[in-house]
Amino acid sequence: MTELIFGHYNYWIVIFLMMTGFYTVISRGNLIKKIAGLNIFQASVFLMYITMGNVKGGTTPIIAEGFEVYSNPLNHVLILTAIVVGVATTAVGLALSVRIKEAYGTIEEDEIHAQDESL
Amino acid sequence: MIQQHLSILLVVIPLLAAPIVAMLRGSRLPWLLTLLITWVCFALAGIQLWTVATHGTISYELGGWEPPWGIEYRIDALNAFIALIVAGIAALTMSYAFRSVEKEIRSEKTPLFYTAFLLCMTGLLGITQTGDAFNVFVFLEISSLSTYALISMGRDRRALTAAFSYLIMGTIGATFFLIGVGLLYSVTGTLNMVDLAERIPQVSSMRTLHTAFAFIVVGVSLKLALFPLHLWLPNAYTFAPSIVTVFIAATSTKVAIYVLARFIFTVFGADFAFGVMPTTWLLVPLAIIGLLSASAVAIGQNKIKRMLAYSSVAQIGYMVLGIGMATSAGLTAALLHVFNHALMKAALFMALGAVFYRFGSVYLDDMRGLGKRMPWTMGAFVAGGLSLIGVPLTVGFISKWHLILAAIELGWWPVVVAIVVGSLLAIVYIWRVVEVAYFQEGKSNERCEAPLSMLVPMWALVGANIWFGVDTRLTVGMAQHAAQLLMGVSP
């Protein structure tokens with residue numbers, strides 16, 4: 001039991017962040033909060049990749065004198081790409097939020113719906 | 001030299017052209033350059049298909065690094081087919097685009113519009129060309145982000161909210177896909193698709209692998225708008241500019257279907273996907289519910305663009321049904337429908353774009369008497385509609401026929417009934433438009449036909465619809481070849 005909880009604590013953190021982010025996206029009506037939730041969700045995935053790549057007793061994956069075991073560098077490379085994708089998504093999302101604010105006067109989802117329904 | 005680097009050129013050429021187009025001024029020059037690039041890519045995709053047909057699978061190492069350490073672009077019959085569809089639709093869309101963009105996109109944004117279009121095309125072609133699982137994610141996000149930007153350029157302010165909700169849902173789908181790829185990497189140690197296919201059977205009992213499969217299928221299903229993950233599609237298609245709807249309706253969901261087929265059959269293998277995981281029980285019921293409910297909802301729509309968007313969800317149901325059958329015949333029907341639906345929907349949305357260009361509205365009531373005022377455009381609409389219903393002599397009949405044959409081969413009679421009912425529902429919603437356009441009197445009777453630059457690509461697609469509906473050797477041959485390849489690769 002302790003092995004399940006404390007041995008894999010990194011994965012429990014990933015799951016907690018993932019569900020927090022996902023729940024924020026679904027439940028919050030403010031557009032900026034949705035984007036923030038999306039960021040938390042994506043951050044949990046990055047964390048998952050990186051903790052997966054850690055090798056017990058391994059050092060940072062940069063070749064140096066006297067070190068034999070290195071952590072996996074591929075995960076770090078994949079996550080750099082995914083972080084860039086996440087940043088671009090956040091940028092597009094925030095730009096859309098600015099335009100929505102200009103067009104509707106609000107960034108609350110239910111008020112936007114109300115304005116659209118009344119058409 | 002070109003032959004050697006064909007697969008990477010298809011991705012690099014639009015990618016390099018995009019910032020060049022962004023720096024141009026005016027509305028004619030960006031369009032001309034984009035037109036040139038799309039036709040060059042269409043030619044390259046044709047050469048690639050011919051090369052694969054004569055020499056077999058192309059394997060291209062990026063940067064000279066051998067797979068599985070380096071990224072590999074692996075082109076087989078399926079890839080080449082889908083790449084041709086994407087490049088072909090892009091070329092025809094750009095030929096049609098000039099007038100439509102002039103009317104619907106603000107003039108200072110026109111170069112940026114063409115830039116985003118080229119980036120979207122880069123992303124879609126990259127997804128079809130690559131043989132590396134993570135590379136699929138990268139190009140998927142490239143195409144998705146440019147699609148969000150393209151949709152938000154619509155005139156109606158609801159285009160902004162449509163783009164935003166597509167952004168949220170699309171990013172969740174892509175992140176699910178990313179999680180799946182990460183879990184796959186953790187149990188196999190590789191990201192190359194062929195290498196994954198070799199290593200997965202050894203770990204096929206691990207729960208991590210099952211979870212990876214589930215995440216990948218759900219993530220891709222969100223992108224291809226499988227019921228009930230289709231909620232982003234109607235708004236995105238309706239409020240986007242006409243030219244954007246033409247392009248994304250005919251390409252983005254098709255490429256997602258390709259990714260689903262690639263992962264289910266090549267990477268995981270049909271034995272795992274249908275034997276160990278209950279994929280048939282997931283895909284087939286959702287596909288049938290999707291095609292029936294979406295067709296039914298389409299009947300009630302007054303805005304024709306929205307009606308065709310729901311019709312797209314229904315057609316995607318047909319394609320997923322073919323994949324869910326897990327037989328060579330089912331897969332052939334699904335791939336045929338991918339090609340045919342691209343032709344049909346592009347022609348239909350082009351006709352609607354022409355109506356919007358002349359009248360500024362695509363509501364059913366405003367289309368009274370259009371049969372007399374825009375005979376060629378409405379003729380194209382009727383031809384596309386007949387194809388959607390599946391009337392013989394059109395391309396839609398061929399794919400529905402193959403789907404019914406595949407269902408009969410499995411003995412699934414309720415599915416055959418569902419397919420036929422879907423066609424009947426399509427008759428209802430197409431007839432609504434035909435009745436209003438041809439049998440009701442409009443406000444005036446003067447001829448107001450669409451400009452020639454819009455009519456020619458539209459009728460090229462209609463001609464292709466009818467040509468490939470009569471002479472099916474080419475398309476059915478390619479689809480069957482691709483399907484057998486997919487089924488055969490599985491261990």
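We name chains A, B, ... by the order of the sequence lines, and we start the count at 1 in each one.
Contact annotation for A:Ile112: only side-chain heavy atoms (C-beta onward) come within less than 4.5 Å of a heavy atom of chain B. With a threshold of 4.5 angstrom between heavy atoms, A:Ile100 approaches chain B through its backbone and through its side chain. Heavy atoms of A:Val92 lying under 4.5 Å from chain B belong to its backbone as well as its side chain. Within the 4.5 angstrom heavy-atom criterion, atoms from both the backbone and the side chain of B:Ile172 approach chain A. For B:Phe134, the part sitting under 4.5 Å from any heavy atom of chain A is the side chain, from C-beta outward, and nothing else.
The aromatic ring centroids of A:Tyr49 and A:Phe46 lie 6.0 Å or more from each other. A centroid separation of 6.0 Å or more is found between the aromatic rings of B:Phe177 and B:Phe215.
Figure legend: B:Arg157 and A:Tyr104 shown as a cation-pi pair, the cationic atom lying under 6.0 angstrom from the six-membered ring centre and within 45 degrees of its axis.
Checking B:Ser252 against B:Lys223 by side-chain atom types alone, no donor-acceptor pair falls below 3.5 Å. Using a 3.5 Å distance cut-off with no hydrogens or angles, the side chains of B:Asn235 and B:Ser165 do not pair a donor with an acceptor.
Ranked by non-hydrogen atom pairs under 4.5 Å with chain B, the options A:Val25, A:Val84, A:Asn75 are led by A:Asn75.
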